[in-house]
Peer 1: 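Pasting in a structure now, in structure tokens, and then I'll have a few things to ask.
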Amino acid sequence: MNKYHLTHLKELEAESIYVLREVAAQFENPALLFSGGKDSIVCFHLAKKAFWPAKVPFPLVHVDTGHNFKETLDFRDDLVKKNGVNLIVGSVQESIDSGKVTEEKGFNASRNALQTVTLLDTIEKYKFDACMGGARRDEEKARAKERFFSHRDEFGQWDPKNQRPELWNLFNGKKNIGEHFRVFPISNWTEMDVWQYILLEQIELPSLYFTHQRECFIRDGVIYAHENIIPLKPNEKPEKMQVRFRTIGDISCTGAVLSNASTLEEIVEEVAATRVTERGSRIDDKRSEAAMEDRKKQGYF
Amino acid sequence: MSKEGYLNMDLLRFTTAGSVDDGKSTLIGRLLYDSKSIFEDQLEAVETASKKKGEEHVNLALLTDGLRAEREQGITIDVAYRYFATPKRKFIIADTPGHIQYTRNMVTGASSANLAIILVDARKGILEQTIRHSFIASLLQIPHIIYCINKMDLVEYSETVFEKIKKELEAFSAKLDVKDITFIPISALKGDNVVERSTTMNWYQGPTLMYLLENIHISGDHNLIDARFPVQYVIRPQSTEYHDFRGYAGRMASGVLKKGEEIMVLPSGFTTRIKSIYSSSTEQEEAFAPMSVTVTLDDEIDISRGDMIVRVNNQPEQTQEIDVMLCWFNEKPLVLNGKYALKHTTKEVRCIVKDIRYKMDINTLSRNTENKMVNMNDIARINLRTTAPLLADKYHRNRITGSLILIDEATNETVAAGMII
């Protein structure tokens with residue numbers, strides 16, 4: 001390879017760092033949405049690189065459904081402590097208690113959709129004008145149409161048919177009062193790129209991503225962690241399984257995969273061989289063909 | 001995939017031009033499918049959706065049409081980005097729709113592409129849209145164009161048909177400004193010369209499309225001559241450890257900068273030397289496009305976002321009066337003497353449209369000086385005056401320091417893309 005040529009990971013990194021700096025330059029009060037999942041961990045890693053030796057100039061915002069894995073929350077708190085960043089938690093439980101949202105009922109109840117209200121309330125409360133997130137275009141077909149700088153109106157809504165064209169590396173973050181932006185620095189990364197980059201940079205992850213024994217049960221072909229949040233149906237029997245998680249979200253909508261991968265190298269190999277997308281185990285996307293688009297229009301991340 | 005393998009992969013961004021009738025979705029579907037980039041659950045979802053719509057075959061277009069309205073109307077509305085990788089390269093496809101707002105979408109997709117695939121139906125030959133696609137590819141200075149003469153299976157894999165279209169395209173593209181053009185006879189439907197070599201076109205000795213995508217030489221696509229470093233953000237930690245650290249962060253637009261080198265800061269014109277170059281916390285000897293780096297300088301100079309670090313003997317033009325080729329994106333037409341916000345590199349100024357010189361008829365490539373009404377999807381040459389000087393290069397020489405966008409100051413919408421002439 002030519003001396004003046006970047007590898008694909010370095011070129012993606014350069015692009016993402018450019019986007020993160022553009023956010024810091026164009027907005028007054030940005031924040032990084034942090035779920036404790038690998039994509040938001042990579043975003044934070046890139047942010048540290050973008051502003052070194054200064055601190056990351058924006059807080060992390062976690063929308064906590066109250067149904068998170070303990071491992072995720074411990075990892076989050078540890079990361080915040082180590083890096084001396086500011087963490088803001090938006091609580092879905094509080095939104096429920098204050099009557100702003102109503103909890104779903106039944107066996108497949110999930111707080112996934114309720115997050116949107118809490119997120120928009122948090123944005124309004126802290127007056128964030130740009131919220132960055134680790135969404136990628138390869139994840140889901142509605143996200144394939146997403147911009148780096150995604151404009152949201154005063155109700156937090158996404159209008160996919162009327163998006164601003166994005167050319168070269170010129171990002172238009174202009175807005176009226178009350179409107180805000182969602183920004184996706186790793187838009188062009190694939191799941192494989194993320195794992196290769198985590199391996200290359202030796203980025204720390206929650207233990208959930210690596211193989212472990214866990215009490216699980218199977219419903220509609222999906223392996224669920226047996227925690228008290230999801231009520232079991234009479235025929236469902238939890239048993240010990242050797243699993244890991246490909247994505248980490250709220251317990252009620254994250255499926256596990258059977259896996260023995262205990263190192264990053266083994267995970268990269270596993271991802272290369274797999275024939276199902278990572279969102280194949282996300283129950284939140286399976287509700288309808290346009291589930292993601294509909295949630296995004298309402299202000300979902 | 002071995003670790004050594006993916007650590008040596010590079011990235012090719014390409015755009016595909018053509019309408020549904022040209023077999024574009026079929027071609028993309030085949031590239032994704034044959035490179036094993038379509039997953040089982042995606043295929044299942046598309047199969048279910050195809051059945052629901054009562055279609056006989058699995059409609060691969062449903063893979064790329066992500067929005068509800070697109071699926072309902074059976075058309076593509078917006079640029080969709082697709083990803084696949086082979087052991088040699090990672091690819092990003094900007095898939096641009098052929099129907100609505102064609103120019104706007106293709107220009108957007110083309111702006112960051114190293115390569116364009118233009119599909120030509122072997123039965124129909126060069127159409128108006130072939131001319132339009134080719135013109136936009138050359139206007140946006142995409143370095144490589146591949147003409148895929150598709151549906152060869154419907155013309156009995158005839159060499160005569162292919163050669164005739166190729167000759168016509170060669171004659172026509174001589175008028176355009178494109179560096180590297182290739183012609184491949186394919187059948188996207190049957191798979192001939194897409195990933196696998198055709199067994200029915202032995203007369204064709206050239207590469208398959210996939211071979212070309214994997215091997216085309218792209219490291220020469222970046223301008224490595226003119227050092228241009230637009231300052232994006234100033235890093236001042238103000239911590240005890242880095243008390244006096246003052247770093248200029250940005251992405252190299254073009255060229256190379258070296259540690260110790262004498263540089264000039266524009267527009268102030270002060271000269272100093274580069275003290276250090278950091279890629280995050282790692283010190284580098286040099287920086288080149290498209291790296292994102294942080295630079296420190298020997299002397300303390302007042303530098304802010306929008307300034308540019310260049311070499312003393314190689315400077316961009318400083319000008320408030322520029323001619324640009326403009327693609328108009330908005331329903332509201334361009335206003336002569338109208339004022340717009342203008343973004344160029346990391347600088348933002350205001351500008352006024354002083355003159356509309358001509359409108360381009362992109363179907364015939366002729367200039368229209370009579371009707372100068374610039375509507376959505378029109379391309380026109382205009383003259384702008386800016387409130388502050390731009391540090392500009394000609395787009396032909398530099399795709400980053402030669403490009404700009406216009407923004408409507410009332411709605412904040414991006415209304416036009418411009419290439420400096």
Side-chain angles (χ1 to χ4, degrees), chain A residues 1-2 4-15 17-18 21-22 24-25 48-55 137-138 140-145 160-161 163-170 172 174-176 187-188 190 192-193 196 199-200 265 268 272 274-277 280 289-290 293-294, chain B residues 1 3 6-11 39-42 45 49 66-69 77-78 80-83 85 90 92 104 107-108 111-112 219 222 224 232-233 235-237 239 241-242 245 249 251 256 278 280-281 288 290-292 294 305 329 341 343 346 399-400 403-405 407 412-414 417:
Chain A
M1 205 174 275
N2 178 320
Y4 295 119
H5 200 61
L6 296 178
T7 64
H8 76 296
L9 291 177
K10 284 289 165 193
E11 188 168 339
L12 290 172
E13 180 192 63
E15 176 180 86
I17 288 177
Y18 177 82
R21 287 169 171 170
E22 209 50 27
K48 282 198 289 184
K49 285 194 154 198
F51 301 103
W52 181 92
K55 278 191 183 170
R137 287 174 181 154
D138 80 318
E140 206 283 330
K141 53 192 181 301
R143 284 194 167 154
K145 303 269 164 171
K161 283 202 255 181
Q163 301 194 76
R164 294 178 184 175
E166 245 165 32
L167 299 106
W168 301 290
N169 52 6
L170 297 167
N172 175 3
K174 285 177 167 289
K175 60 189 180 323
N176 290 320
S187 287
N188 275 333
T190 59
M192 192 51 157
D193 298 329
Q196 289 173 348
L199 173 58
L200 181 71
E265 282 86 354
V268 167
T274 187
R275 303 301 312 137
V276 186
T277 61
E289 205 190 346
E293 180 183 346
D294 292 346
Chain B
M1 198 184 300
K3 185 168 174 180
Y6 72 74
L7 292 179
N8 279 316
M9 274 164 69
D10 60 4
L11 178 62
F39 293 95
E40 281 165 10
D41 53 325
Q42 285 177 312
L67 303 174
R68 188 193 287 274
I77 291 169
D78 201 7
Y81 295 89
R82 293 281 142 201
Y83 304 83
K90 174 195 159 95
I92 301 180
R104 163 177 163 157
V107 166
T108 303
S111 71
S112 55
S219 56
H222 283 290
L224 289 170
Q232 191 187 2
Y233 189 80
I235 295 180
R236 299 215 59 194
S239 60
E241 195 184 345
Y242 295 98
F245 187 96
R251 196 172 189 195
V256 183
Y278 293 97
S280 72
S281 59
F288 56 89
M291 281 170 75
S292 279
T294 302
R305 177 174 162 90
F329 293 152
K343 271 183 185 278
T346 53
R399 289 173 85 184
I400 300 299
S403 53
L404 56 86
I405 55 170
I407 297 165
N412 294 323
E413 287 171 309
T414 303

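Source: prediction; values computed, not measured. Just so it is clear: chains get the letters A, B, ... in the order the sequence lines come, proteins before strands, and each one is counted from 1.
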Peer 1: How about A/Tyr18 and B/Gln232: do any of their side-chain heavy atoms sit closer than 4.5 Å?
Peer 2: yes
Peer 1: If you apply the rule side chain to side chain contact (heavy atoms under 4.5 Å, CB included), what do you find for A/Thr7 with B/Met9, and how did you get there?
Peer 2: CA-CA 6 Å; A/Thr7 64; B/Met9 274 164 69; over 6 Å; no
Peer 1: Establish, from distance only, whether the side-chain atoms of A/Asp193 and B/Tyr83 form a donor-acceptor pair under 3.5 Å.
Peer 2: no
Peer 1: Thinking salt bridges, do B/Arg251 and A/Glu22 make one under a 4.0 Å N-O criterion?
Peer 2: no
Peer 1: Using a 4.5 angstrom heavy-atom cutoff, name the option from A/Ser187, A/Ala25, A/Pro53, A/Ala50 with the most pairs to chain B.
Peer 2: A/Pro53
Peer 1: Is A/Glu11 close to chain B through its backbone or its side chain, or both, or neither, when contacts mean heavy atoms under 4.5 Å?
Peer 2: both
Peer 1: Under 4.5 Å, counting heavy-atom pairs only, tell me which of B/Val107, B/Thr346, B/Leu404 racks up the most with chain A.
Peer 2: B/Leu404
Peer 1: List the residues meeting ring pair (Phe, Tyr, Trp, His ring centres under 6.0 Å) with B/Tyr278, not counting sequence neighbours, and say none if there are none.
Peer 2: A/Trp52, B/Phe245
Peer 1: Quick one: what part of B/Lys90 sits under 4.5 Å from any heavy atom of chain A, side chain, backbone, both or neither?
Peer 2: side chain
Peer 1: Where on B/Val256 is there a heavy atom nearer than 4.5 Å to chain A: the side chain, the backbone, both, or neither?
Peer 2: side chain
Peer 1: What part of B/Ser239 gets within 4.5 angstrom of chain A, counting heavy atoms only: side chain, backbone, both, or neither?
Peer 2: neither
Peer 1: Check whether any side-chain heavy atom of B/Tyr81 lies under 4.5 Å from a side-chain heavy atom of A/Asp138, and answer yes or no.
Peer 2: no
Peer 1: Any idea which of A/Glu15, A/Lys10, A/Glu166 has the most non-hydrogen atom pairs under 4.5 angstrom with chain B?
Peer 2: A/Glu15
Peer 1: Distance-only, no hydrogens or angles: does the B/Ser292 side chain make a donor-acceptor pair with backbone N or O of A/Ala14 under 3.5 Å?
Peer 2: yes
Peer 1: Within the structure provided, determine whether B/Thr294 and A/Arg21 are in side-chain contact (heavy-atom separation under 4.5 Å).
Peer 2: yes
Peer 1: May I ask you to decide if B/Ile407's main-chain N or O and A/Asn172's side chain share a donor-acceptor pair within less than 3.5 Å?
Peer 2: no
Peer 1: Flag the one option from B/Arg305, B/Met291, B/Arg399 with the top tally of heavy-atom pairs under 4.5 Å to chain A.
Peer 2: B/Arg305
Peer 1: To the nearest 0.5 Å, tell me how far A/Leu167 CG sits from B/Ser403 OG.
Peer 2: 8.5 Å
Peer 1: Check whether B/Ser111 reaches the backbone of A/Trp168 with its side chain - one donor and one acceptor, N or O, closer than 3.5 Å.
Peer 2: yes
Peer 1: Counting heavy-atom pairs closer than 4.5 Å to chain A, which one of B/Ser112, B/Ala341, B/Ala417 comes out on top?
Peer 2: B/Ala417
Peer 1: In terms of heavy-atom pairs under 4.5 Å with chain B, which of A/Lys55, A/Lys175, A/Glu13 leads?
Peer 2: A/Lys175
Peer 1: So which heavy atom on B/Leu11 is nearest to which on A/Leu12, and how close?
Peer 2: CD2-CD2, 4.3 Å
Peer 1: Please classify the contact of B/Ile405 with chain A as side chain, backbone, both or neither, using a heavy-atom distance under 4.5 Å.
Peer 2: both
Peer 1: How long is the gap from NE2 on A/His5 to OG on B/Ser219, to the nearest 0.5 Å?
Peer 2: 5.5 Å
Peer 1: Do A/Arg164 and B/Thr414 have side chains that approach each other closer than 4.5 Å (heavy atoms only, starting at C-beta)?
Peer 2: yes
